[in-house]
Enquirer: 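I am attaching a structure below and will ask some questions about it afterwards.
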There are 2 protein chains.
Amino acid sequence: MSATLKDIAKKLGIHPATVSRALNPRTSHLVNAATVTKVRKAAAAMDYVPNPMASGLRTSRSHTIGVVIPDLTNPLFPGMVRGIQDTLSRAGYTPLLVNTDNDPDEEAHVVASLSARRVDGFILATARRDHPLLADLSERYPIVLINRVSDSVQLPSVAADEQHGIRLAVEHLYGLGHRTIAHVAGPPWSSTGHERAQAFARTMRDHGLSTAKHVAAVDGWSIDSARDVALRLLSSDPSITAVVGANDQLALGTIAAARALKRRCPRDISIVGYNDMPFMDIVDPPLTTVRVPQNEIGSEAARLILSQLVEDVVTPVKQVRLTPELVIRGSTAPLRAR
Amino acid sequence: MSATLKDIAKKLGIHPATVSRALNPRTSHLVNAATVTKVRKAAAAMDYVPNPMASGLRTSRSHTIGVVIPDLTNPLFPGMVRGIQDTLSRAGYTPLLVNTDNDPDEEAHVVASLSARRVDGFILATARRDHPLLADLSERYPIVLINRVSDSVQLPSVAADEQHGIRLAVEHLYGLGHRTIAHVAGPPWSSTGHERAQAFARTMRDHGLSTAKHVAAVDGWSIDSARDVALRLLSSDPSITAVVGANDQLALGTIAAARALKRRCPRDISIVGYNDMPFMDIVDPPLTTVRVPQNEIGSEAARLILSQLVEDVVTPVKQVRLTPELVIRGSTAPLRAR
DNA sequence: CCAGTTAGCGCAATCGATTGCAATAACCGG
DNA sequence: CCGGTTATTGCAATCGATTGCGCTAACTGG
């Protein structure tokens with residue numbers, strides 16, 4: 001089909017090895033400059049495209065990166081994936097995307113199939129804290145964690161500064177006069193759920209507020225389960241006037257619960273989300289939320305994995321934290337006197 | 001690193017070719033049954049994983065499919081991508097995902113880079129009707145179009161039955177008493193925009209309604225541009241009591257425009273969307289819309305491309321139309337007497 | 001002017017799997 | 001018992017690019 005190194009060599013009357021060296025920027029200095037330009041021109045003319053399987057077979061590098069995310073249909077992830085893609089492809093790498101649905105078995109399965117594909121590294125967005133594969137995998141591959149950190153092993157990661165983000169949310173509510181602030185927390189087995197809950201407790205403490213009985217965790221990130229949990233939380237203590245959701249879905253579920261309890265948001269209760277997914281500005285009410293830079297998380301993760309691949313020096317494990325910002329919309333309002 | 005065919009052969013004292021044949025279901029009948037089981041067991045014990053680069057080099061099949069979509073962050077696509085992924089991976093294929101941002105140059109670029117990767121085929125979700133690459137590409141690769149059809153070349157495609165979907169929307173409004181129904185159409189250069197506009201005109205005609213001056217097209221699929229267009233459309237003719245948006249974003253933009261004109265939805269004006277993206281049930285007002293089976297579109301497309309790859313018989317070009325359904329929510333209401 | 005570099009390029013092996021062809025042995029019917 | 005299948009396996013080439021090694025010629029400095 002397409003031209004090969006041998007074709008170019010034959011046409012130019014030189015050896016394929018020379019063509020290979022001329023075309024590879026890393027070895028072209030071994031070839032006469034005139035020859036290099038001649039080869040380059042011929043390659044362009046015959047529109048030569050290197051065969052990645054051949055070079056991959058020889059060098060055992062596939063120039064692909066496995067990207068493991070829980071669920072692409074969760075609007076949190078497409079932005080990150082785009083960031084990853086754009087940065088990787090600029091460097092000649094291709095992401096291989098897979099979903100896990102947060103299922104450990106499925107996760108083991110997709111990781112196995114990616115390593116069968118001989119990926120050069122992994123970007124993992126899976127949230128589970130106690131991850132059996134992680135330690136093992138990180139010994140055999142370069143890895144970058146996104147949107148989470150690892151408790152046990154020290155691994156490179158890119159995530160939002162959860163402490164800062166939660167502080168933004170809590171202090172926004174505090175500034176509006178709220179004092180009885182609850183937290184609908186994410187699953188404790190998830191990194192972000194855990195971190196945000198910790199950050200919430202700490203920030204409340206810093207302001208001299210109690211969190212006893214005002215934190216309830218869901219077991220998934222769905223609106224529905226958040227609604228159930230929030231329903232119990234809100235009815236157990238009617239003095240709650242504000243809620244921080246551990247992500248946007250949980251905040252939306254809380255809004256639904258409030259509505260079911262005939263408590264109007266933001267009139268009777270203020271609710272803050274986290275992530276700022278698409279369309280959060282047009283839900284009812286428009287959601288005040290903490291925006292995390294999804295694209296940047298993705299591109300930074302891509303940069304980190306690339307640096308692990310090209311540099312032979314063992315760089316220290318980098319744990320990047322990106323700063324989120326507060327987006328104030330219509331789901332929060334000043335506390336009204338009762 | 002990992003075991004190779006040669007390793008297995010050596011351990012068993014047989015030739016690598018025999019191992020290869022034994023492990024390949026298509027050729028294992030050439031090998032003694034006892035040998036096959038012996039080889040299988042040894043392969044499993046040494047956890048042999050075939051090297052796709054080696055086999056790809058020899059067979060020039062990469063077992064990858066290029067999936068070209070305009071923008072992953074458009075919530076319409078993740079569902080389709082999941083459908084594609086799940087079906088492809090079950091067949092041992094891996095999708096390679098890329099974005100184009102609806103930019104023809106970028107599109108040419110990503111297609112080139114995918115073909116450099118030696119993909120075995122393409123699934124294209126790019127919407128542009130006049131597609132210069134299409135004819136060319138389809139001669140060199142198996143192709144399936146999704147969420148669109150091709151005007152010029154006859155190509156396999158999977159899309160929603162737009163005529164049916166638009167009819168559902170229009171007749172829903174008609175049934176509610178609306179007679180002056182407008183259409184905020186998608187870009188005329190896009191396949192879906194064009195088709196839905198045609199379907200709208202035809203359905204209106206079938207009901208003896210005029211569409212003159214009640215159709216306006218946007219030049220992108222964004223909420224903002226729809227808002228501008230709808231603003232002009234609605235103020236040009238205050239008798240309009242209902243609008244069909246060519247997709248959900250356009251409907252949302254129309255809602256925003258109506259709000260700016262102090263016309264309340266659904267009280268003063270009914271608005272229907274198309275696609276039923278995530279969260280359309282919790283926007284304000286909850287959007288009545290036409291749901292297209294995103295997952296099924298994806299998995300059907302994957303099935304179509306796979307059938308082109310495995311079957312040597314030249315199957316006739318299949319153009320699949322999936323039936324959408326109407327989801328009635330809060331953005332539509334019976335026409336009120338003025 | 002000569003020994004010693006160095007630049008430039010060719011040779012050939014290699015990565016791991018696949019496959020047409022050949023070779024061997026077992027087996028069949030007559 | 002023999003020519004001819006048939007079943008099973010081995011041999012070796014091949015896919016296309018990479019790279020260590022070695023060869024040749026030019027070039028350098030003393």
Side-chain angles (χ1 to χ4, degrees), chain A residues 1-40 42-43 46-64 92 115-120 310 312, chain B residues 1-40 42-43 46-64 92 115-120 310 312:
Chain A
M1 228 9 135
S2 136
T4 70
L5 280 191
K6 215 193 292 181
D7 297 335
I8 301 180
K10 207 181 305 174
K11 161 167 271 194
L12 260 45
I14 59 180
H15 198 271
T18 307
V19 180
S20 170
R21 278 189 276 255
L23 256 24
N24 186 337
R26 222 183 52 258
T27 53
S28 62
H29 68 100
L30 296 170
V31 178
N32 186 302
T35 314
V36 170
T37 49
K38 213 171 50 182
V39 169
R40 289 233 179 92
M46 306 172 68
D47 49 35
Y48 166 74
V49 178
N51 186 323
M53 297 173 196
S55 87
L57 175 59
R58 179 64 221 257
T59 61
S60 62
R61 304 179 103 253
S62 65
H63 286 258
T64 60
S115 87
R117 279 255 171 226
R118 305 298 206 267
V119 293
D120 294 337
V310 298
D312 4 297
Chain B
M1 226 7 135
S2 137
T4 69
L5 280 189
K6 215 192 293 181
D7 297 336
I8 302 179
K10 206 180 305 173
K11 162 167 270 192
L12 259 46
I14 59 180
H15 198 271
T18 307
V19 180
S20 170
R21 280 190 276 256
L23 255 25
N24 185 335
R26 224 182 52 258
T27 52
S28 63
H29 67 100
L30 296 170
V31 177
N32 186 302
T35 314
V36 170
T37 49
K38 213 171 49 182
V39 169
R40 288 233 180 93
M46 306 170 69
D47 48 37
Y48 166 74
V49 178
N51 185 324
M53 297 174 198
S55 87
L57 176 59
R58 178 65 221 258
T59 61
S60 64
R61 305 179 103 252
S62 65
H63 286 257
T64 60
S115 87
R117 279 257 171 224
R118 306 295 206 267
V119 294
D120 294 338
V310 299
D312 4 297

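Just so it is clear: chains get the letters A, B, ... in the order the sequence lines come, proteins before strands, and each one is counted from 1. The basis for the numbers below is simple: all heavy atoms, side chains too, and nothing from hydrogens, waters or symmetry mates.
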Enquirer: S62(B) and R118(B): which non-hydrogen atoms are nearest, and at how many Å?
Expert: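 For S62(B) versus R118(B), the nearest heavy atoms are OG-O, 2.6 Å.
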Enquirer: First locate atom NE2 of H15(B), then atom OG of S20(B), and finally report the distance between them rounded to the nearest 0.5 Å.
Expert: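 Between H15(B) NE2 and S20(B) OG, I get 11.0 Å after rounding to 0.5 Å.
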Enquirer: Which is true for R26(A) with a 4.0 Å heavy-atom rule: it touches a base, it touches only sugar-phosphate, or it touches nothing?
Expert: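 Here R26(A) touches the backbone only, sparing every base.
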Enquirer: State which of dC11(D), dT19(D), dA17(C) makes the closest approach to the side chain of Y48(B).
Expert: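 Comparing dC11(D), dT19(D), dA17(C) against the side chain of Y48(B), the answer is dA17(C).
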Enquirer: Run the numbers on N32(A) and V36(A) for side chain to side chain contact (heavy atoms under 4.5 Å, CB included), then give the verdict.
Expert: CA-CA 6 Å; N32(A) 186 302; V36(A) 170; over 6 Å; no
Enquirer: Output the rounded distance in Å from NE2 (H29(A)) to C1' (dT6(C)).
Expert: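 The answer, rounded to whole Å, is 13 Å.
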Enquirer: Is a side-chain N or O of T27(B) found less than 3.5 angstrom from the main chain of N24(B), in a donor-acceptor match?
Expert: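 Confirmed, T27(B) side chain pairs with N24(B) backbone.
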Enquirer: Hey, does the side chain of D120(A) reach the backbone of R61(A) with a donor-acceptor pair shorter than 3.5 angstrom?
Expert: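 No.
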Enquirer: Measure the distance from CZ on R61(B) to C1' on dA17(C) and round it to the nearest whole Å.
Expert: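 It works out to 15 Å between those atoms.
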Enquirer: Can you tell me how far P of dG8(C) sits from CG of L30(A), to the nearest Å?
Expert: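 Atom-to-atom, L30(A) to dG8(C), this comes out as 9 Å.
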Enquirer: Which part of the nucleic acid, if any, lies within contact of T35(A), taking any heavy atom under 4.0 Å across all strands shown: a base, the sugar-phosphate backbone alone, or nothing?
Expert: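 If one applies the 4.0 Å heavy-atom cut-off, T35(A) turns out to touch the sugar-phosphate alone, with no base involved.
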Enquirer: If you take any heavy atom closer than 4.0 Å to DNA chain C, which residues from residues 4-16 of chain A end up in contact?
Expert: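 Only I14(A), H15(A) qualify.
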Enquirer: Over how many whole Å does the gap from N32(B) atom CG to dG10(D) atom C1' extend?
Expert: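 Distance check: N32(B) CG to dG10(D) C1' gives 15 Å.
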Enquirer: Return the value, rounded to whole Å, for the distance between atom CG of N51(B) and atom C1' of dG16(D).
Expert: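 That distance rounds to 14 Å.
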Enquirer: Roughly, in whole Å, what's the span from CG in L57(B) to P in dC15(C)?
Expert: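 Result: 14 Å.
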Enquirer: Can you tell me how far C1' of dA7(C) sits from CZ of R21(A), to the nearest Å?
Expert: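 That distance rounds to 12 Å.
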Enquirer: Pick the nucleotide of DNA chain D nearest each of S20(A) and A33(B); which residue has the one closer to the 5' end?
Expert: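 Closer to the 5' end of DNA chain D: A33(B).
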Enquirer: For T18(B) and T18(A), take the nucleotide of DNA chain D holding the closest heavy atom to each; which residue's nucleotide lies nearer the 5' end?
Expert: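 Its nearest nucleotide being more 5', the pick is T18(B).
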Enquirer: Got a donor-acceptor contact below 3.5 angstrom from the T18(A) side chain to the I14(A) backbone?
Expert: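 No, the answer is negative, given that no donor and acceptor are paired below the 3.5 Å cut-off.
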Enquirer: Would you indicate whether the side-chain heavy atoms of D7(A) and T4(A) approach each other to under 4.5 Å?
Expert: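 They are in side-chain contact.
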Enquirer: Between atom CG in L23(B) and atom C1' in dT19(C), what is the gap in whole Å?
Expert: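 Rounded to the whole Å, the gap is 16 Å.
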